[in-house]
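One structure is given below, encoded as structure tokens.
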Amino acid sequence: MSLYNDWNTEIENIKTEDQYKDFWTTYIPKETDAYKKILVSKNPVIKGIFKDLAQDFDMTCKQFIGFLDGANNSFKEEFNLEKLTEESEINVEFDFEKLLWNMHEVKADWLHSLEEWDNIFDNEKQKEIRKAFNRSKMAVSHKIGRNDPCPCGSGKKYKKCCGKGK
């Protein structure tokens with residue numbers, strides 16, 4: 001079985017609330033420390049032998065594959081995780097803007113609020129990404145209000161023009 005399958009099987013085998021809590025209580029600090037290390041270094045590239053990188057990030061191989069799984073859609077090019085072994089060569093590069101966006105997407109407050117982001121983006125850029133993310137999630141109504149200008153361009157209110165009799 002591949003490392004990636006081992007990771008998914010471990011998650012699927014969580015049956016109780018206590019197991020769930022224990023699993024994530026162990027994993028999340030490791031994930032957080034890994035992102036801190038990456039953001040402090042300002043280096044978007046993770047390169048090396050899989051098992052050595054896991055050790056560098058103070059993770060088990062199973063935790064590191066989970067980390068790569070969570071980060072995969074934030075790399076400049078998605079990475080095929082299913083064929084990875086402990087001896088595989090890894091060479092991936094983060095798109096930091098996409099990474100911050102995705103942290104908002106999955107509601108990982110403990111990650112997108114890390115102060116280490118200040119090493120990558122100034123406060124204004126971080127706010128800009130957050131605002132763009134929030135705008136992308138807004139529901140937009142295309143309904144024309146009675147007192148809105150008529151979309152036909154007449155200059156009249158909709159209710160006095162194309163909206164008459166509706």
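Bear in mind the structure is a predicted one, so any value in this text is a computation, not a measurement.
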Heavy atoms only: give me the nearest F50-C61 pair and the separation to one decimal. CZ-O, 3.4 Å

Counting only pairs under 3.5 Å, give me each side-chain donor-acceptor contact of residues 21-29, with atom names and distances, residues two or more places apart or in other chains.
residue	atom	partner	partner atom	Å
T25	OG1	K21	O	2.5
T26	OG1	D22	O	3.0
Y27	OH	F67	N	3.2

Looking at E89, I'd like to know if its CD atom is crowded, meaning that more than 12 non-hydrogen atoms belonging to other residues, nucleotides or ligands lie closer than 6.0 Å. yes

Please check if W7 and I14 belong to a single hydrophobic cluster, counting links between Ile, Leu, Val, Met, Phe, Trp and Tyr side chain heavy atoms closer than 4.5 Å. yes

Considering only heavy atoms from C-beta outward, does the side chain of D6 approach that of I65 to under 4.5 Å? no

Sequence neighbours left out, what passes salt bridge (charged side-chain N to carboxylate O under 4.0 Å, His left out) with K30? Give chain and number order. D58

Is there a side-chain contact between D95 and S74, using heavy atoms and a 4.5 Å cut-off? no

What pairs with E86 under salt bridge (charged side-chain N to carboxylate O under 4.0 Å, His left out), at least two apart in sequence or on another chain? none

In short, side-chain hydrogen bond (donor to acceptor under 3.5 Å, both in side chains) pairs touching residues 107-122 with sequence neighbours left out are E31-W110, D109-H112, D118-Q126

side-chain hydrogen bond (donor to acceptor under 3.5 Å, both in side chains) partners of E97, counting only residues at least two apart: K125

Report the residues that fulfil ring-ring contact (aromatic ring centres under 6.0 Å, His included) with F79, sequence neighbours left out, ordered by chain and then residue number. none

When E105 is tested against each of K98, R130, K137 for salt bridge (Lys or Arg N to Asp or Glu O under 4.0 Å), which residue passes? K137

Please identify each residue that fulfils side-chain hydrogen bond (donor to acceptor under 3.5 Å, both in side chains) with N147, with sequence neighbours left out. K159

Name all residues meeting the salt bridge (charged side-chain N to carboxylate O under 4.0 Å, His left out) criterion together with K15; count only those two or more places apart in sequence or in a different chain, and write none if there are none. none

Honestly curious: do Y20 and I11 fall in one hydrophobic cluster under the side-chain, below-4.5 Å linking rule? yes

Does V92 share a hydrophobic cluster with F96, counting links as ILVMFWY side-chain heavy atoms below 4.5 Å and allowing steps through other members? yes

Sorted by chain and residue number, the salt bridge (charged side-chain N to carboxylate O under 4.0 Å, His left out) partners of K62 (sequence neighbours excluded) come out as E10

Which pairs pass side-chain hydrogen bond (donor to acceptor under 3.5 Å, both in side chains) with one or both residues in residues 34-43, sequence neighbours excluded? none

Kindly give the heavy-atom pair with the smallest separation between A34 and M59, and that separation in Å. CB-CE, 3.8 Å

Where at least one partner belongs to residues 146-158, residue pairs that pass salt bridge (Lys or Arg N to Asp or Glu O under 4.0 Å), sequence neighbours excluded: none

Under 3.5 Å, is there a donor-acceptor pair between the side chain of N72 and the main chain of L68? no

List the atom of D69, the atom of N8, and the distance in Å for their closest heavy-atom pair. OD2-OD1, 4.4 Å

Quick one: do L3 and I49 end up in the same hydrophobic cluster if we chain Ile, Leu, Val, Met, Phe, Trp and Tyr together by side-chain heavy atoms under 4.5 Å apart? no

Sequence-distant partners of Y4, ring-ring contact (aromatic ring centres under 6.0 Å, His included), two or more places apart: none

Tightest non-hydrogen contact, residues F64 and A54, listed as CB-CB, 3.7 Å

Taking the side chain as every heavy atom from C-beta outward, state whether L111 and V106 have any pair of such atoms under 4.5 Å apart. no

Has Q19 got more than 12 heavy atoms of other residues, nucleotides or ligands less than 6.0 Å from its CD? yes

